Amino acid sequence: MDGLDVVGCERCDELCRSRSRIVNGVGPADADLLFVGEAPGANEDEEGEPFVGRSGSILDDALRDAGLARADVRITNCVRCRPPDNRDPTSDELANCRGYLERELSLLDPELVVTLGKVPSEHLLDRSVAVTKEAGDVVDVRLGDRSYRTIVSVHPAATLYDGSQRETFFETIAHAADLAGVSERDGGQSNLGSF
Ligand code: URA
């Protein structure tokens with residue numbers, strides 16, 4: 001779609017063997033908010049869409065809490081093919097896929113990028129990131145001659161193991177919606193209390 005989709009890439013031998021398909025980003029090509037995750041998992045590999053498993057439903061909940069729907073935002077990953085056994089992508093795999101992410105960023109030119117977890121945060125900020133500590137921090141990520149306003153977030157899966165991270169995650173997504181100017185929260189109402 002509009003030069004955003006990768007078709008038939010064979011840069012990573014192991015990922016070519018482990019993937020069922022390439023999982024491209026989804027959402028409007030002119031979205032103001034771009035969420036960047038790590039790599040597809042089993043559900044994403046099966047369905048061909050980022051964040052459709054448990055992490056995806058937490059992301060959907062947080063978007064809803066911020067007055068947004070999944071269809072309002074764009075969601076992509078640093079690496080577009082599922083690593084075997086859900087391992088982290090290697091630095092070579094991240095490097096091989098980097099051009100696709102940079103192209104998506106430059107075509108979209110979003111108001112705000114949200115890095116979901118350690119891998120995408122470190123990949124884009126180009127330094128080590130203590131995501132729990134830095135969640136909610138806003139930084140400018142410089143790529144070539146462009147700069148992208150970026151907010152660091154914990155990964156939605158982190159909320160499954162640590163209740164306090166759930167609050168951090170929901171707050172970060174609500175803050176991101178505000179910063180991108182897309183927040184439609186009903187008088188600031190939040191359903192955080194129900195979790
Ligand atoms: N986790 C990610 O980082 N990306 C996905 O697409 C799904 C889970």
Side-chain angles (χ1 to χ4, degrees), residues 4 6 11-12 15 23-27 31-41 44 50-51 55-56 58-59 62-63 66 68 73-83 86-162 164-183:
L4 291 165
V6 176
R11 290 181 189 174
C12 306
L15 299 194
V23 179
N24 286 302
V26 289
D32 290 322
L33 261 177
L34 173 65
F35 290 85
V36 182
E38 181 178 316
E44 290 74 23
F51 285 97
S55 299
I58 296 162
L59 176 59
L63 288 170
L68 296 172
V73 303
R74 189 158 179 97
I75 308 174
T76 195
N77 279 307
C78 295
V79 166
R80 296 181 188 227
C81 299
R82 181 194 180 195
N86 292 333
R87 65 157 169 75
D88 284 354
T90 64
S91 52
D92 280 350
E93 290 160 357
L94 285 163
N96 286 343
C97 226
R98 173 125 189 152
Y100 302 136
L101 179 61
E102 291 193 3
R103 187 169 70 201
E104 192 162 21
L105 274 160
S106 96
L107 290 172
L108 218 69
D109 196 18
E111 289 294 324
L112 189 73
V113 177
V114 186
T115 52
L116 295 171
K118 193 171 182 65
V119 168
S121 300
E122 295 193 339
H123 191 49
L124 284 178
L125 273 58
D126 199 25
R127 63 168 171 82
S128 72
V129 177
V131 269
T132 313
K133 228 172 99 208
E134 298 185 44
D137 287 1
V138 180
V139 292
D140 280 326
V141 166
R142 185 125 201 114
L143 295 177
D145 58 355
R146 304 266 285 272
S147 189
Y148 300 94
R149 201 176 190 205
T150 301
I151 188 167
V152 173
S153 173
V154 297
H155 194 280
T159 69
L160 294 168
Y161 315 108
D162 179 347
S164 71
Q165 303 241 24
R166 186 167 183 108
E167 193 161 345
T168 305
F169 180 66
F170 274 63
E171 279 172 3
T172 304
I173 302 310
H175 188 203
D178 283 341
L179 288 175
V182 293
S183 180

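All values derive from a computational prediction rather than experimental measurement. The analysis underlying the following values was restricted to heavy atoms, covering all of them including side chains, and did not include hydrogens, waters or symmetry mates.
- In this structure, Asn86 contributes its side chain and Gly41 its backbone to no donor-acceptor pair below 3.5 Å.
- Phe51 pairs in a side chain to side chain contact (heavy atoms under 4.5 Å, CB included) with only one of the listed residues (Ile75, Val23, Thr76, Val26), which is Ile75.
- Annotation: side chain of Pro83 is in contact with side chain of Leu15 (closest heavy-atom distance under 4.5 Å).
- Contact annotation: the side chain of Glu111 never approaches that of Val182 to less than 4.5 Å [non-hydrogen atoms, C-beta and beyond].
- Heavy atoms of other residues, nucleotides or ligands lying less than 6.0 angstrom from CG of Asp126 number 12 at most.
- Looking at every heavy atom in both residues, Leu33 comes nearest to Ala177 through CD1-CA, 4.2 Å.
- When side chains are defined from C-beta on, Phe170 does not count as touching Thr159, because their heavy atoms never get closer than 4.5 Å.
- Counting heavy atoms from C-beta on, the side chains of Leu34 and Tyr148 never come closer than 4.5 Å.
- Residues Glu38 and Pro89 meet the side-chain proximity criterion, which asks for heavy atoms closer than 4.5 Å.
- Distance check, rounded to the nearest 0.5 Å: CD of Gln165 to OG1 of Thr172 gives 10.0 Å.
- Exactly one of Cys78, Ser153, Pro50, Ser121 qualifies for a side chain to side chain contact (heavy atoms under 4.5 Å, CB included) with Val36. That residue is Cys78.
- Residues satisfying the side-chain contact (heavy atoms from CB on, under 4.5 Å) test with Thr90, not counting sequence neighbours, are Arg87, Asp92, Glu93.
- Side-chain contact between Ser106 and Arg146 is present, with heavy atoms from C-beta onward closer than 4.5 Å.
- Of the possible donor and acceptor atoms, none in the side chain of Glu104 sits under 3.5 Å from a partner among the backbone N and O of Tyr100.
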- Task: For side-chain contact (heavy atoms from CB on, under 4.5 Å), just list the numbers for Thr115 and Val129, CA-CA rounded to whole Å, side-chain angles, deciding distance to a tenth of an Å, and then say yes or no.
- Result: CA-CA 11 Å; Thr115 52; Val129 177; over 6 Å; no
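- Residues Leu105 and Val141 fail the side-chain proximity criterion, which asks for heavy atoms closer than 4.5 Å.
- Looking only at distances, a side-chain donor or acceptor of Asp162 sits under 3.5 Å from a matching main-chain atom of Ser164.
- Summarising the geometry, atom CD1 belonging to Ile58 is positioned 9.0 Å from atom NE2 belonging to His155; distances are rounded to the nearest 0.5 Å.
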